[in-house]
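Since the structure comes first, as structure tokens, the remarks are kept for the end.
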Amino acid sequence: MLELDELVARASAVRERAHAPYSGFRVGAVIEASDGRTAVGCNVENASFGLGVCAERAAVSAALAAGLSEWKRLVVLVEAPQPVAPCGACRQVLAEFCDELEVVLVTTSGLRDVTSLSELLPRRFGAGDLGEGRDAD
Ligand code: THU
């Protein structure tokens with residue numbers, strides 16, 4: 001595991017590259033795997049607002065593309081009065097790839113809040129729920 005400060009530094013660097021001209025709310029995210037490798041993501045907005053992608057889901061794509069397995073920790077960095085937790089869509093996407101994940105929410109002013117995916121998304125919907133209920137046709 002890397003030092004949290006190192007992960008926050010990486011989140012800060014990628015947050016600088018966010019494309020958020022519409023909301024002005026830049027987000028940096030880092031996924032750390034059990035071998036210490038990391039993947040980063042920033043939010044990418046679009047003039048067609050609905051096409052925007054959150055930093056967390058960008059990090060998920062980067063982690064998959066880099067072949068990271070056994071994701072252990074997610075760091076999310078924002079500039080806000082309080083740390084912010086990933087949106088519901090990002091929670092569900094994260095849950096596709098990890099049973100459990102430590103989630104560290106950080107602000108640029110240094111506030112930190114530690115939670116977990118299971119706390120953020122209890123009673124999740126997953127692949128196992130599709131089995132018997134899937135339509136046969
Ligand atoms: N956003 C993220 O990237 N992650 C979050 O956890 C919350 C929201 C982005 C989406 C959009 O680009 C901007 O922040 C404002 O919602």
Side-chain angles (χ1 to χ4, degrees):
M1 298 262 280
L2 297 177
E3 293 293 331
L4 182 56
D5 284 347
E6 173 59 28
L7 294 178
V8 172
R10 294 181 192 194
S12 179
V14 72
R15 182 179 167 274
E16 294 296 320
R17 297 194 283 273
H19 178 69
Y22 307 106
S23 71
F25 192 75
R26 289 182 294 160
V27 185
V30 179
I31 291 172
E32 182 188 26
S34 59
D35 63 2
R37 296 172 67 206
T38 60
V40 299
C42 55
N43 53 328
V44 181
E45 298 181 350
N46 192 279
S48 179
F49 294 167
L51 298 182
V53 177
C54 291
E56 295 89 333
R57 270 175 286 161
V60 164
S61 296
L64 289 170
L68 266 59
S69 58
E70 294 181 47
W71 304 354
K72 293 296 180 196
R73 189 155 50 160
L74 167 72
V75 174
V76 180
L77 176 68
V78 298
E79 184 174 79
Q82 298 294 327
V84 304
C87 76
C90 288
R91 296 176 196 196
Q92 180 67 26
V93 169
L94 287 161
E96 178 77 10
F97 303 105
C98 31
D99 288 337
E100 191 48 290
L101 185 69
E102 182 177 306
V103 179
V104 185
L105 311 171
V106 185
T107 67
T108 54
S109 64
L111 295 177
R112 291 179 181 182
D113 189 4
V114 181
T115 180
S116 66
L117 188 57
S118 59
E119 185 173 61
L120 294 171
L121 190 65
R123 198 169 173 178
R124 68 181 61 165
F125 179 79
D129 295 310
L130 293 172
E132 297 298 316
R134 193 160 47 187
D135 280 347
D137 54 19

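In each ligand, atom 1 is the first atom listed, and ligand 1 is the first ligand listed. Hydrogens, waters and symmetry mates are skipped; everything else that's a heavy atom, side chains included, is used. Since this is a predicted model, take the numbers as computed values, not measurements.
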Note: ligand 1 atoms sitting under 4.0 Å from heavy atoms of P86 are 6 (O)

Checklist entry - Do E32 and T38 have a side chain donor and acceptor closer than 3.5 Å? => result no

Note to self: Tell me whether the count of non-hydrogen atoms from other residues, nucleotides or ligands lying under 6.0 Å of CD in E100 goes above 12.
What the structure shows: yes

If we number the atoms of ligand 1 from 1 as shown, the ones under 4.0 Å from a heavy atom of F25 are 13 (C), 14 (O)

task: Please verify whether a non-hydrogen atom of C42 lies at under 4.0 Å from ligand 1.
output: no

Measure from atom 15 (C) of ligand 1 to the protein's non-hydrogen atoms and state whether any distance is below 4.0 Å. yes

Query raised in the report: With side chains defined as the heavy atoms from C-beta onward, is the minimum distance between V104 and V76 less than 4.5 Å?
Result: no

For S23, the atoms of ligand 1 under 4.0 Å from one of its heavy atoms are 13 (C), 15 (C)

(request) Indicate yes or no: does an N/O atom of E45 lie under 3.5 Å from an N/O atom of ligand 1? (result) yes

- prompt: When you check the gap from the basic side-chain N to the acidic O, do R26 and E16 get nearer than 4.0 Å?
  reply: yes

Within the 4.0 Å heavy-atom cut-off, what A29 brings close to ligand 1 is neither

Is there a polar contact between ligand 1 and C54, counting only N or O atoms under 3.5 Å apart?
no

Practice task
State whether the side chain of T107 and the backbone N or O of L111 hold a donor-acceptor pair below 3.5 Å, judged by distance alone.
Solution key: yes

Numbered in order shown, the ligand 1 atoms found under 4.0 Å of a heavy atom of A85 are 6 (O)

* To do: Measure from atom 4 (N) of ligand 1 to the protein's non-hydrogen atoms and state whether any distance is below 4.0 Å.
  => yes

Within 4.0 Å of some non-hydrogen atom of E56, the atoms of ligand 1 are 2 (C), 3 (O), 4 (N), 5 (C), 6 (O)

Contact between A20 and ligand 1, counting heavy atoms under 4.0 Å?
no

A student checking ligand 1 against A55 at a 4.0 Å heavy-atom cut-off should list atoms 2 (C), 3 (O)

